[in-house]
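Encoded as structure tokens, the structure appears first; notes follow it.
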Amino acid sequence: MSSNSGIRIPSRLPLLLTHEGVLLPGSTMRISVDTARNMQLVKTRLLKGTSLKSTIIGVIPNTRDPELDTEDLPSLHSIGTAGLAVQVVGSNWPKPHYTLLITGLCRFRVSQLLKEVPFPLAEVEQLDKLEQYTSPRNTSEAATPEGELGELSQRFYQAAVQLVGMLDMSVPVVAKLRRLLDSLPKETLPDVLASMIHTSNKEKLQVLDAVSLEERFKKTLPLLTRQIEGLKLLQKTRKSRPDDDKRVKIFCFLVFPGRPFSLDEDGDDDEDGDDNTVLERKVKGANMPEAALRVCLKELKRLKKMPQSMPEYALTRNYLDLMVELPWSKSTTDCLDIHSARVLLDNDHYAMEKLKRRVLEYLAVRQLKSTLKGPILCFVGPPGVGKTSVGRSIARTLGREFHRIALGGVCDQSDIRGHRRTYVGSMPGRIINGLKAVGVNNPVFLLDEVDKLGKSLQGDPAAALLEVLDPEQNHSFTDHYLNVAFDLSQVLFIATANTTATIPPALLDRMEVLQVQGYTQEEKVEIAHRHLIPHQLEQHGLTPHQLQIPQDTTLDIISKYTREAGVRSLERKIGAICRAVAVKVAEGHKVTKSEAAPPESEAQRVSSDMASPPEMPIVIDHIALKDILGPHIFEMEVSERLTLPGVAIGLAWTPLGGEIMFVEASRMEGEGQLTLTGQLGDVMKESAHLAISWLRSNAKTYQLTNLVGGLDPLEGTDIHLHFPAGAVTKDGPSAGVTMVTVLASLFSGRLVRSDVAMTGEITLRGLVLPVGGIKDKVLAAHRAGLKRVIIPKRNEKDLEEIPANVRLELDFVGASNLDEVLNAAFDGGFPGISNPVTLPQITSKL
């Protein structure tokens, strides 16, 4: 079909190889440029060319498997389509990428490949006439084929008219297609319609290879008939459902002289249906508040008018998807059975009575008032006491979903409130993301480590939490990304912190603070045998029939290998024991214990064959404990350190729990200077000066002397006051009474009782003022084996929080002045206290 006259393509064409489809004459398709050869063709030929000839290229289907494609030029398909590059879209940043819009002109045959680099260039032979796409229909009537070809042409035209007649003529693009059938020559119809209907690339390649017109009609007519039968079946299906829309939707784009049509059947409005229609139905079915619904409908209206190629289309679609997924009205039903809740909380956690009581109070009020707002609790206590796990138990008790938000190190307020949608990569905050994850509007939110929030140039997240944690404001919480109010009043917020000192006062005022104190040794033993040991046995594949840890062994672990308020180190030590036993079980060795073990364990050692699960359990005694965990880490050294005057034991509070603190003092000849060491803060330095001043003013009363026997303890004497553990910063007023006792011991030459610890703030007049953290401090003294604790008299009310067994084992002395402190700290009292100076009684004359 080559012609010697008329419109002709260049005899040499650059070749574009594509995997994306088959370009037929008369159709238009988009082709992505993704190979080096095609990229060179675009840059050299299309972007730098200035003539119309430079925009004509040859498009060759690449029949090689894309996954097996290499840099070598594949064998070229013999037939291709000459195309006109109508549009080139793309950029060179961050890496070159282009998309071509190409309209097919005519077929050609590759005669000879002239070069392969930088892009293929071939000598081609034109096979189709270009005039058939530009000439009117009446000019070609004289050339109407006859015989079998004419019959095929007429049958194809009738089938095409029948196909268009089955479509909705009220659609403008269908009417335009009908006019095209009458205006285009019949020999062009196979190529045009084959590119419109649903066909595979293999079928289109067969149409492309059909050079003769008769063969082309024979290849395309069955494809057209198949499309007609499919539409008939679709119409029969729709007639059985009169409520449905009977029209066949057409998704097509038309740019003359031809772009591909796609006849798509609209099924059951599933994922294959119109996305915007499905999204609109979801928006209306999300049961949003009126304000949120208005915003969604407005955004949906904008989305329908927006081309999918616009970047804002994806942003708007993501926003609407999030609005649909949020649980505006979905909630879970609370389990309000108080008895079941008490049993569940007791099974999950030992002790923590204050926290359990608060949860049961909430359940009781919920039974009486169903519209109760969710409380905002803050659990404050040392690490490892179970603040996070008790939050999870509360969610399980209430039958609610649980979501944890880690706030440690967060320094951007957008993490809480989200980013505005004007920013690139904007996203909602952690609160809205958490609600989307749990799918209900009344979960339990655990705000972990709220005391470790940071602050930066991006804002203060603690200030952003003020709206979230305020019961009077969080019913209309507005995330920057949503920009509409969301009701958080049904969410149960639980915050956890190690200390309240770093929480801003405004944020702390919005939360109900519940102190979670450290555990006593007895409580740790119970927790270990109820929870930790069974958990570690399960984690290491052991059973109680293989390993047993007696309570006295557990007590040794607690007192000699761990010293903490929580139980994390205790669990790690138990895990180390389980691993050591697991090695013996795996190796099949016998466990041999020392001769110091109890007699009843000898039979166990003889009969415990580790090659198989032993019949008798392996019992860990004190010697086996030392073999596994090594030497004792903590020793009871209290009595050894109090063998000289000038040493006393104070009590300190830290975020990790209570600690005992040794205070040491010494004196030497000098000029009356006071030296303080141990990284002390300003408050402790002031307490030391207060102690010196009070002792100097009362030196005569207590018979305190300097090195040469003078009544001024500082005359010709330098004092050095040291707090061991010098690498740890210390501050606070609680060590005031301890400093007075140490200096009184130093100046008098008497020893302080070795079983006494003390805490309290002092004044210049010798009064003892109350301090905080009494429970933690008392537990620290109990762990250290002390017997007497001196506390301010006004702190005696805090002793009610201490377990009864601890109170029975300790002797508490409530002191209101330093006279009582010194009397309790020294054996037999302190000289001079029996004859205190009586101040004159002052009578008011007003």
Side-chain angles (χ1 to χ4, degrees), residues 348-352 381-386 389 516-585 591-598 600-601 604-605 608 610 614 616-638 654 656-660 776 778-786 803 805-806 809:
D348 285 350
H349 291 86
Y350 183 76
M352 291 190 172
V385 296
S389 61
V516 184
Q517 308 295 344
Y519 298 116
T520 64
Q521 288 190 357
E522 290 75 12
E523 289 174 342
K524 288 183 180 180
V525 171
E526 285 295 328
I527 292 172
H529 285 271
R530 289 189 184 191
H531 303 287
L532 303 184
I533 293 177
H535 177 70
Q536 288 297 322
L537 290 177
E538 181 183 357
Q539 291 294 316
H540 293 85
L542 300 174
T543 65
H545 299 290
Q546 294 174 313
L547 171 64
Q548 283 189 1
I549 303 177
Q551 287 200 358
D552 55 344
T553 303
T554 307
L555 193 59
D556 276 356
I557 299 174
I558 294 170
S559 59
K560 298 179 180 179
Y561 292 93
T562 66
R563 186 163 291 177
E564 56 175 350
V567 292
R568 282 188 180 143
S569 294
L570 175 60
E571 186 171 16
R572 284 192 287 268
K573 299 300 181 183
I574 294 173
I577 295 173
C578 292
R579 289 192 297 274
V581 173
V583 170
K584 297 297 182 181
V585 171
V591 176
T592 58
K593 296 189 178 180
S594 67
E595 298 176 359
E600 60 270 16
S601 64
Q604 297 173 357
R605 291 198 300 272
S608 60
M610 303 304 292
M616 301 298 292
I618 302 171
V619 180
I620 303 298
D621 60 5
H622 305 291
I623 297 178
L625 187 65
K626 188 175 181 179
D627 292 340
I628 296 173
L629 299 182
H632 298 163
I633 300 176
F634 302 101
E635 297 289 346
M636 305 302 291
E637 57 174 355
V638 175
T654 69
L656 304 179
E659 293 288 344
I660 64 170
D776 288 326
V778 170
L779 293 180
H782 183 258
R783 285 197 299 268
L786 302 175
N805 62 317
V806 176
E809 296 180 11

*Audit row: I533, Q548, side-chain contact (heavy atoms from CB on, under 4.5 Å) steps and yes/no*: CA-CA 9 Å; I533 293 177; Q548 283 189 1; over 6 Å; no
Listing, residues 568-578 side-chain donor-acceptor contacts under 3.5 Å, not counting sequence neighbours, or none:
| unit_1 | atom_1 | unit_2 | atom_2 | d |
| --- | --- | --- | --- | --- |
| S569 | OG | E564 | OE1 | 3.4 |
| S569 | OG | R572 | NH2 | 3.2 |
| E571 | OE2 | Q536 | NE2 | 3.2 |

Using 0.5 Å steps for rounding, measure from the [atom1] atom of [X] to the [atom2] atom of [Y].
| X | Y | atom1 | atom2 | value |
| --- | --- | --- | --- | --- |
| Q521 | S559 | CD | OG | 5.5 Å |
| I618 | I549 | CD1 | CD1 | 11.0 Å |
| I620 | D627 | CD1 | CG | 9.5 Å |
| I558 | K524 | CD1 | NZ | 6.5 Å |
| D556 | T562 | CG | OG1 | 10.5 Å |
| E522 | L555 | CD | CG | 7.5 Å |

*Can H529 and V525 be said to form a side-chain contact (heavy atoms from CB on, under 4.5 Å), step by step?*
CA-CA 6 Å; H529 285 271; V525 171; 3.9 Å; yes
Determine the minimum heavy-atom distance between [X] and [Y], stating which atoms define it.
| X | Y | result |
| --- | --- | --- |
| H349 | S389 | NE2-OG, 2.9 Å |
| T554 | A528 | CG2-CB, 3.7 Å |
| T520 | P803 | CG2-CG, 3.6 Å |
| P382 | A565 | CG-CB, 3.4 Å |
| A351 | Y519 | CB-CE2, 4.4 Å |

Determine whether a donor-acceptor pair (N or O, by modelled atom type, separation under 3.5 Å) exists between the side chain of [X] and the backbone of [Y].
| X | Y | value |
| --- | --- | --- |
| Q546 | T543 | yes |
| Y350 | E523 | no |
| R783 | I660 | no |

*Quick check: are there more than 12 heavy atoms from other residues, nucleotides or ligands sitting under 6.0 Å from CD of E809?*
yes
*asked:* Is any side-chain heavy atom of V385 closer than 4.5 Å to one of Q517?
replied: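 They are not in contact (no side-chain heavy atoms under 4.5 Å apart), so the answer is no.
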*Quick one: list whatever passes side-chain hydrogen bond (donor to acceptor under 3.5 Å, both in side chains) with D348, sequence neighbours left out.*
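With sequence neighbours excluded, D348 shows a side-chain hydrogen bond (donor to acceptor under 3.5 Å, both in side chains) to S393, R396, given in chain and number order.
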*asked:* Run the side-chain hydrogen bond (donor to acceptor under 3.5 Å, both in side chains) test against H632 and tell me which residues pass, sequence neighbours left out.
replied: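 Residues passing side-chain hydrogen bond (donor to acceptor under 3.5 Å, both in side chains) with H632: none at all.
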